[in-house]
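Positions are given from 1 along the sequence. Numbering of ligands and ligand atoms starts at 1, following listing order.
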Amino acid sequence: MPRRPYIAANWKMHKTVSEAAEFVDALLPKIAATQHDVVICPSFLALSEVIERSRGSAVRVAAQNMHEEESGAFTGEVSAPMLVELDVDAVVLGHSERRQYFGETDDSLARKVPAALAAGLEPILCIGESEEARDAGQTEGVLERQLQADLAKVEPGRVPEIVIAYEPIWAIGTGRTATPEQAQETIAFIRDALRERGAAGDSVRILYGGSVKPSNAAELMAQPDIDGALVGGASLDPDDFAAIVEAA
Ligand code: PGA
């Protein structure tokens, strides 16, 4: 079975509810013919608005984070059942900004990934190496450790339900994109590592993220193991994002 292209817009802390509404209204006619999975990841506050406005379209909606418990005394947090009740489809987990600025650990991801699956949310698990790790030749070791830790409590049979986003930290928001060859080589390594864990590595969708834009999207996504993109900066503009969807 070919893997369906998957293009996700990670808005990070951008767009108010009304700005989100405006974006969806502008985007939908531009992607009306797409057969790809198109996913928008707005702030928690704009989830409902994006869900309601995009009903009946190709757009699916993801949160940018969640807590691993279903409920409890965790001030400021949001749980999987809260997202599911809104009809959220997916959730980004382990984004490097969460790891870097908000203390997200592999330990908590080992609980969040199965919690998302158990609730019926598709986890979009982000992994990636720092510039120092790449320069020191440690890219594969870092990715291997992240996969091992973050998927530790996931049954191999459920791994194909997870979307993996490979995002080299040095390419996020820097304008410095991994070359298509670098991204392909690293994503092929991730696929092999999943196969070695006994998971159906061939059916897992693996995205590239890090300074994807209309001008480099086609070349990246033409690589045999790259199934789509997690797009930050260029996803804030409906024309740019639609062009990336079209390039996939
Ligand atoms: P960027 O962000 O496209 O702005 O580099 C990607 C991401 O952080 O998901």
Side-chain angles (χ1 to χ4, degrees), residues 5-15 19-20 23 27 36-44 46-47 50 59-66 88-104 109 112-113 116 122-131 133-134 139 142-143 146-147 150 162-180 182-184 186-187 190 205-221 223 226-248:
Y6 191 108
I7 316 297
N10 176 15
W11 284 353
K12 311 189 179 188
M13 198 174 72
H14 292 284
K15 294 196 190 291
E19 288 165 347
F23 177 100
L27 178 73
H36 304 338
D37 279 342
V38 179
V39 179
I40 298 181
C41 318
S43 81
F44 288 124
L47 286 168
V50 174
V59 168
R60 297 164 65 233
V61 180
Q64 297 177 13
N65 183 31
M66 61 165 231
V88 171
D89 300 292
V91 58
V92 178
L93 295 174
H95 190 279
S96 63
E97 287 152 15
R98 301 271 353 142
R99 295 177 189 256
Q100 196 177 342
Y101 306 134
F102 303 101
E104 180 78 281
L109 290 165
K112 288 183 179 192
V113 177
E122 175 179 76
I124 305 169
L125 174 65
C126 302
I127 58 174
E129 81 286 3
S130 63
E131 185 161 32
R134 178 155 285 260
T139 299
V142 168
L143 297 172
Q146 287 176 336
L147 282 175
D150 301 349
I162 300 172
V163 173
I164 307 267
Y166 165 59
E167 299 205 308
I169 296 168
W170 46 271
I172 296 178
T174 57
R176 211 182 129 197
T177 323
T179 65
Q182 277 174 325
Q184 162 59 28
T186 312
I187 288 179
I190 293 169
R205 284 180 294 176
I206 309 181
L207 320 179
Y208 168 77
S211 300
V212 175
K213 41 189 185 270
S215 59
N216 61 22
E219 208 187 351
L220 283 160
M221 290 187 276
Q223 303 297 316
I226 304 181
D227 303 318
L230 181 56
V231 188
S235 76
L236 297 172
D237 178 271
D239 288 316
D240 286 350
F241 186 59
I244 293 170
V245 171
E246 194 155 324

Polar side chain donor-acceptor pair, Glu167 to His95, under 3.5 angstrom: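 Looking only at side-chain atoms, His95 and Glu167 do form a donor-acceptor pair, the distance falling under 3.5 Å.
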Subset of ligand 1 atoms that lie under 4.0 Å from at least one heavy atom of Glu167: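 Listed by number with element, the hits are 6 (C), 7 (C), 8 (O), 9 (O).
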Contact check, side chains of Arg98 and Val92, non-hydrogen atoms, under 4.5 Å: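 A side-chain contact is absent here, since even the closest heavy-atom pair is not under 4.5 Å.
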Residue pair Ile244 / Met221, side-chain heavy-atom distance below 4.5 Å: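 Of all side-chain heavy-atom pairs linking Met221 with Ile244, at least one is under 4.5 Å.
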Closest approach of Ala165 to Leu230 (non-hydrogen atoms, all atoms of both residues):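 Taking every non-hydrogen atom into account, CB-CD2, 3.8 Å.
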Member of Ile206, Val113, Ile124 meeting the side-chain contact (heavy atoms from CB on, under 4.5 Å) criterion with Ile162: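 Going through the options one by one, the only one that passes is Val113.
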Contact partition for Ala171 relative to ligand 1, non-hydrogen atoms under 4.0 Å: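 Near ligand 1, Ala171 shows its backbone, while the atoms from C-beta on stay back.
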Sub-4.0 Å heavy-atom contact, Lys12 with ligand 1: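 In this structure, Lys12 qualifies as a contact of ligand 1 - some heavy atom is under 4.0 Å.
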Cys126 to ligand 1, any heavy atom closer than 4.0 Å: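 Cys126: no contact with ligand 1 (<4.0 Å).
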Below 3.5 angstrom, do we get any N/O pair linking [X] and ligand 1?
{"X": "Gly232", "answer": "yes"}
{"X": "Ile172", "answer": "no"}
{"X": "Thr174", "answer": "no"}

Option set Gly209, Gly233, Gly173, Pro168, criterion heavy-atom distance to atom 5 (O) of ligand 1, minimum: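 Of the listed residues, Gly173 has the closest heavy atom.
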